[in-house]
Every structure is written in C-alpha cells, then in structure tokens.
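To start, the structure under review is shown below, and the notes come after it.
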Amino acid sequence: MRSGIRTIAGADISLSLYSQTVFAGIVVLSFPEMRVLSYSLVQGTARFPYVPGYLAFREVPTIMEAWEQLPEKPDVIMFDGNGILHARRMGIASHFGVLADCITMGCAKKKLAGKFDEPGEGRGQFSEVIDKGDTIGFALRTKERVKPVFISPGHGMSLEDSLNIAMQSVGKYRLPEPTRRAHEHVNLFRTGALPAGYHKVDTLTLF
DNA sequence: GCGACAG
DNA sequence: ATCTTGTCGC
C-alpha cells in the first residue's frame, strides 16, 4: 500500500533555564526528500510544570498556536516525545492529534514506559517496546553506535506506519529529520537568530 | 520501601 | 529541557 504522504512536520519547543518562556515551532518538510518547506514559530508561556507522563499539558498550548498559524497543514506531525508509548497510551503526540484532529507520531530520545531488548547494532535495527502485554512502540537504531530512539504512533496511524515513516525520515543523524529540524529551528528562534511567525522557504534559493 | 521517570 | 569546553573517535 502507498504511503500517500507528501509532507511531514516536526514539532518541538525550546526553553530558557529559570524562565517560563517557551519557544515553540513546527517545521514542515517534503516527504520523503526531507527538505524544509516552511516553519511556524511562536513564543508562549509555560503554565504547567514538567511532570513525566504529563508533558502535553506543558507543551501543547504553544505548539497549538504554531499549528493554527500554519496555512498549509502537513500530512503527518512527528513530536519530540511519545505517542502511545506512554503509561496511559496518551503521550504528547496522541494528545495533540486528538485535539487538532490530525495524524501524529512520537519520536523520543529516552524510554518513558515499557520494556525492550536492545535492538541490533546496525542502522535500521529495531525491537518492540512492550508494556503490560501490549506492543506500544519501538526502539529504533537510526545509526550505528548510537542509542536507539523510541518510535510510536500518536493519532491516526498504526504501529507499523510509525516505524516505516520514522525509518524513511532518517537522514545522516540520530534524530529523524522532522524533529531534528524542529529542534534546530526553535533553538535559533530562542537565541534570536530567527523571528516569530510563519515562514515559507524560498525553494528557488534552495540549492 | 525501591527503582523509573518523554521534555 | 538548559548551562558549558574540550576532547575522543570515525
């Protein structure tokens, strides 16, 4: 079956130490080329503390503003966090997907719930993350000699879809391009190198 | 009580 | 997450 995916976005936020200011961003890239097409940056305020298992309550409000500011929605959004790889199967990707009624998935750098066996050492090797008898995601080795990332569907896709999309989104770094680019952009935004708002990348200047 | 604990 | 410099390895 065809993926039907033409664009995929990465969503993330950047924080300043000792500050409640949050810098949220969504970067849209072409799929599967992984070229940045546009991005939306919004500054907001964290009104909820970071509590493992409740990340969405802290980050979703500002990311939602960045989402509403996007004139053209991507086919899929990859979050820096989890989808159903969560104690209650409701990580930030699942949470946002339900609220915005869009297709989402999660890609976390550390395990939040469940158990898993270390995946094979090669690039593309993976293992299932299981919690209470349910497969809730995968530990995926995106490169050799790096710790695996944790992939899981958020809203509107299957476990298999999330793994396939994640694998097709990996470039030359450990983090898949969507979240890697999102992280890069929100950091440039926080340091003042990029202005708030919606920005379309000039494909003619892209070479 | 002990270990785990996304960002 | 963020604060930080150099440093080791491919």
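Here is the naming used below: chain letters follow the sequence lines, and residue numbers restart at 1 for every chain.
Between chain A and DNA chain C, the heavy-atom contact criterion of under 4.0 Å yields a 5' to 3' nucleotide range of dA1(C) to dC3(C).
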Go ahead and write out DNA chain C as dot-bracket, 5' to 3': ( ) for pairs within the strand, [ ] for ones crossing earlier pairs, | when the partner sits on another strand, dots for unpaired; Watson-Crick or G-U wobble, both distances under 3.5 Å. ..........
For DNA chain B, the expected dot-bracket line (Watson-Crick or G-U under 3.5 Å, [ ] crossing, | inter-strand) is .......
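Qualifying side chain to side chain contact (heavy atoms under 4.5 Å, CB included) partners for Glu118(A), counting only residues two or more places apart in sequence or in other chains: Phe116(A), Arg141(A), Pro148(A). Residues passing the side chain to side chain contact (heavy atoms under 4.5 Å, CB included) test with Leu159(A) are Ile84(A), Thr135(A), Phe138(A), Pro153(A), sequence neighbours excluded.
A ring-ring contact (aromatic ring centres under 6.0 Å, His included) check over residues 88-113 of chain A, counting only residues at least two apart or in different chains, returns the pairs Phe57(A)-His95(A), Trp67(A)-Phe96(A), Phe79(A)-Phe96(A).
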List, one per line, each side-chain donor-acceptor pair under 3.5 Å for residues 105-115 of chain A, sequence neighbours excluded.
from	atom 1	to	atom 2	distance (Å)
Lys109(A)	NZ	Asp80(A)	OD1	2.9
Lys109(A)	NZ	Asp80(A)	OD2	3.3
Lys111(A)	NZ	Gly114(A)	O	2.9

For residues 44-51 of chain A, dump all side-chain donor-acceptor pairs below 3.5 Å to protein atoms at least two apart in sequence or in another chain.
none

Which atom pairs, one a donor and one an acceptor, fall under 3.5 Å between side chains of residues 184-199 of chain A and the rest of the protein, sequence neighbours left out?
from	atom 1	to	atom 2	distance (Å)
Glu184(A)	OE1	Arg181(A)	NH1	2.9
His185(A)	ND1	Arg181(A)	O	2.8
Asn187(A)	OD1	Ser14(A)	OG	2.9
Asn187(A)	OD1	Arg190(A)	NH2	3.2
Asn187(A)	ND2	His183(A)	O	3.2
Asn187(A)	ND2	His183(A)	ND1	3.2
Arg190(A)	NE	Ser14(A)	OG	2.7
Thr191(A)	OG1	Asn187(A)	O	3.0
Thr191(A)	OG1	Leu188(A)	O	3.1
His199(A)	NE2	Pro195(A)	O	3.0
His199(A)	NE2	Ala196(A)	O	3.4

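Between Val146(A) and Arg123(A), the closest side-chain pair of non-hydrogen atoms is not below 4.5 Å. Side chains of Ile103(A) and Asp75(A) form no contact here, defined as non-hydrogen atoms less than 4.5 Å apart. Here the side chains of Asn82(A) and Ile92(A) are not in contact, with every heavy-atom distance at 4.5 Å or above.
Note that Arg6(A) lies outside the cation-pi zone of Phe31(A), set by a 6.0 Å cut-off to the ring centre and a 45° limit from the axis.
Contact check of residues 142-156 of chain A against DNA chain B (heavy atom, cut-off under 4.0 Å) returns no residues at all. Within residues 175-198 of chain A, the residues having any heavy atom closer than 4.0 Å to DNA chain C are, in order of number, His183(A), Asn187(A), Arg190(A).
Asp161(A) contributes no side-chain N or O that, together with a main-chain N or O of Met157(A), makes up a donor-acceptor pair within less than 3.5 Å. Remark: the backbone N or O of Glu177(A) is not paired with any side-chain donor or acceptor of Ser169(A) at under 3.5 angstrom.
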Nucleotide N/O of nucleotides 5-7 of chain B paired with protein N/O under 3.5 Å:
from	atom 1	to	atom 2	distance (Å)
dA6(B)	OP2	Tyr50(A)	OH	2.5
dA6(B)	N7	Gly53(A)	N	3.0
dA6(B)	N6	Gly53(A)	O	3.3
dA6(B)	N6	Tyr54(A)	N	3.4
dA6(B)	N6	Leu55(A)	N	3.2
dA6(B)	N1	Ile92(A)	N	3.1
dA6(B)	N3	Asn82(A)	N	3.1
dA6(B)	N3	Asn82(A)	ND2	3.3
dG7(B)	OP1	Lys109(A)	N	2.8
dG7(B)	OP1	Lys109(A)	NZ	3.1

